[in-house]
There are 2 protein chains.
Amino acid sequence: MPPYDPSAYPPFAVTVDLVVLTVRSHALCALAVRRGEPPFQGRWALPGGFVQPDEDLEQAAARELAEETGLHPHGGLADDVPPDRTQAQAQSQTKSPSQPSPASVPGAHLEQLATYGDPKRDPRMRVVSVAHLVLAPDLPAPRPGGDASSVRWAPVEPLLGPDGPSGAAAGEPEQGPLAFDHARILADGVERARSKIEYSSLATAFCPREFTVGELRRVYEAVWGVALDPRNFHRKVTGTPGFLVPTGGTTTRQGGRPAQLFRAGGATLLNPPMLRPEV
Amino acid sequence: MPPYDPSAYPPFAVTVDLVVLTVRSHALCALAVRRGEPPFQGRWALPGGFVQPDEDLEQAAARELAEETGLHPHGGLADDVPPDRTQAQAQSQTKSPSQPSPASVPGAHLEQLATYGDPKRDPRMRVVSVAHLVLAPDLPAPRPGGDASSVRWAPVEPLLGPDGPSGAAAGEPEQGPLAFDHARILADGVERARSKIEYSSLATAFCPREFTVGELRRVYEAVWGVALDPRNFHRKVTGTPGFLVPTGGTTTRQGGRPAQLFRAGGATLLNPPMLRPEV
DNA sequence: CCAAAAGTGTTGGGTGTACACCCATGC
DNA sequence: GCATGGGTGTACACCCAACACTTTTGG
């Protein structure tokens, strides 16, 4: 390291940005907030904010998630998650069936994604942003909190197009592409999610606490944008030890023959992995 | 985002730390520098330094690598690498055989690893460090540069032990575990390298520009710490299109029957991946 | 009865593993 | 000749893709 002289180096602002993904009506969606002030006023952006002097990066991400979106997962986030054990925490918590939660949010997943520090990424000053990735089940519409003028779940496909969200429904006023370099951050987050569900059990983070094999399959299909064979998928996931734990109950909420309900098991890594079909 | 008032947030220092890995005499080694001043004076640490106001994070990592260690890879690092194309750059550059370099350093690989921001990770002030991972071929002993009092290649196994480098050779004065949280950063970097050579062609970044299949196999064996079947390994790597390109030459530098020489091909992803044996 | 979704059985092809075996050099 | 490492052939097991078929509900 060079000689230590803090005053010789101009200050950096450090923020966290959040790529919050969920699956809604068969499509992968990301949480977006509308910016209330310049720069990029009126444009959609990823939720995020400044890191406080006394908090860890992951704590800052969890706090921002709760502040700006009203999301208050009771066990996996926003509280006292031990750092660098988020994954194990999110997995193991679903194993205790004695939680007196009527409709509480099951274990969402939070992990660091990457850090973006281009000198010109924010026109106001030098900002280094540590992006985090959150995988959440399908939630009721988020209520705006903090200073975000509005919050919505936006399908990721239009946002990832090369020239902004051109797939806007008629009558919905679109505001151009995402602010700052957030389109790139979102793309990195989506790519991470797509590859991580191949070799880990993280797809269950998109599901409610109890779910069917078919619902889990629709998660894979939405995230990957492909169709999977229901029979082989069923054999695969039920045959991987520790991936799914049957609860004994059944449901017909998808129609057809009643389906077994499962919870996420303790396994976090999938051997062999789920194979993503060629695109 | 909350209302914007830069002065309301105390400044963060932003640094880059480097996990530089290579394979030397059948062992995975990391570059370590001895700290010349407090805190942790005399202890070994990862190379690193402050990000300058006008440079990108990846540029800062490349500059620090050159400054502190004397490493001057001519094509892949330290110069005008386009950000977020490092991998393609490192791969494609080996395809132009017309470089007039007598013994130049082939394409080392540089990528962002993770960011570490625990409020107490540096006792002096709040420092957020963006760690980068470098995979380099076996190089001549690095010459110290900058203010590092000494530099060495240290086998990673002793450094990763739970209680510091206890595997020191007799007579070599050891200085306890790595400074700051660098043991954890190194562990994350090693784990990233171990998993990435499974599904990418990055193991060639540890090899000289021309190498044999056996040399590549010894890279895998050193990084994973396992023994691989030479026959199946040979079939596997030569059968993956785009992974290896024969140069036509042969060598007997490993003894035995002359072996074909290869360069890294254009493929960056391996389908199917190299399978790491159960440990 | 029919549609829809959940599950089970079976089969063929591809791929990894283990290991026998031959090849070409240096000493 | 012999040791050393390079390279090929082959048999077996396993896994996955494809698809026929049965089960259990709602309308």
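Values below: all heavy atoms of this structure, side chains included; hydrogens, waters and symmetry mates excluded. The chains referred to below are lettered A, B, ... by the order of the sequence lines, with proteins before strands, and numbering in each begins at 1. Fair warning: this is a prediction, and the values are worked out from it, not measured in the lab.
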Tell me the interatomic distance from [X], atom [atom1], to [N], atom [atom2], rounded to whole angstroms.
X	N	atom1	atom2	value
A:F211	C:dA6	CZ	P	13 Å
B:L270	C:dT15	CG	P	14 Å
B:L228	C:dG16	CG	P	14 Å
A:R276	D:dA17	CZ	P	14 Å
B:D229	D:dT10	CG	C1'	14 Å
B:M274	C:dT17	CE	P	8 Å
A:R217	C:dG7	CZ	C1'	12 Å
A:L275	D:dA17	CG	C1'	10 Å

| When you match A:K236 and A:P258 each to their closest nucleotide on DNA chain D, which lands nearer the 5' end? | A:K236

| Given DNA chain D, 5'-ward residue of the pair B:N232 and B:T212, judged by closest heavy atom |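 Of the two residues, B:T212 wins.
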
| So which of A:T247, A:V245, A:T250, A:L244 actually passes side-chain contact (heavy atoms from CB on, under 4.5 Å) with A:L261? |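 Of all the options given, the one that passes is A:T247.
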
Please state whether the phosphate of [N], meaning OP1 or OP2, lies under 4.0 angstrom from any side-chain nitrogen or oxygen of [X].
X	N	answer
B:R257	D:dC2	no
A:R231	C:dT10	no
A:H234	C:dG7	yes
A:R253	C:dA4	no

| query | Does the pair B:E198 and A:Y199 meet the rule for a side-chain contact (heavy atoms from CB on, under 4.5 Å), with working shown? | reply | CA-CA 13 Å; B:E198 284 186 50; A:Y199 58 90; over 6 Å; no

| said: Using a heavy-atom cut-off of 4.0 Å across all strands, would you classify B:P272 as base, sugar-phosphate, or nothing? | reply: sugar-phosphate

| said: Regarding A:R184 and A:D188, does a basic nitrogen lie under 4.0 Å from an acidic carboxylate oxygen? | reply: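 A:D188 and A:R184: salt-bridged.
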
| Given DNA chain C, 5'-ward residue of the pair A:T238 and A:G256, judged by closest heavy atom | A:G256

| note | By nearest-nucleotide position on DNA chain C, the 5'-leaning member of A:G255 and A:R235 is A:G255

| Check: B:R192 side chain, B:L113 main-chain N or O, donor-acceptor pair, under 3.5 Å |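 Yes.
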
| Closest to the B:R218 side chain: C:dG16, D:dG6, D:dC16? |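 My answer, after comparing the listed nucleotides, is D:dG6.
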
| Is there a side-chain contact (heavy atoms from CB on, under 4.5 Å) between A:D138 and A:V219 once you walk through the steps? | CA-CA 10 Å; A:D138 192 1; A:V219 164; over 6 Å; no

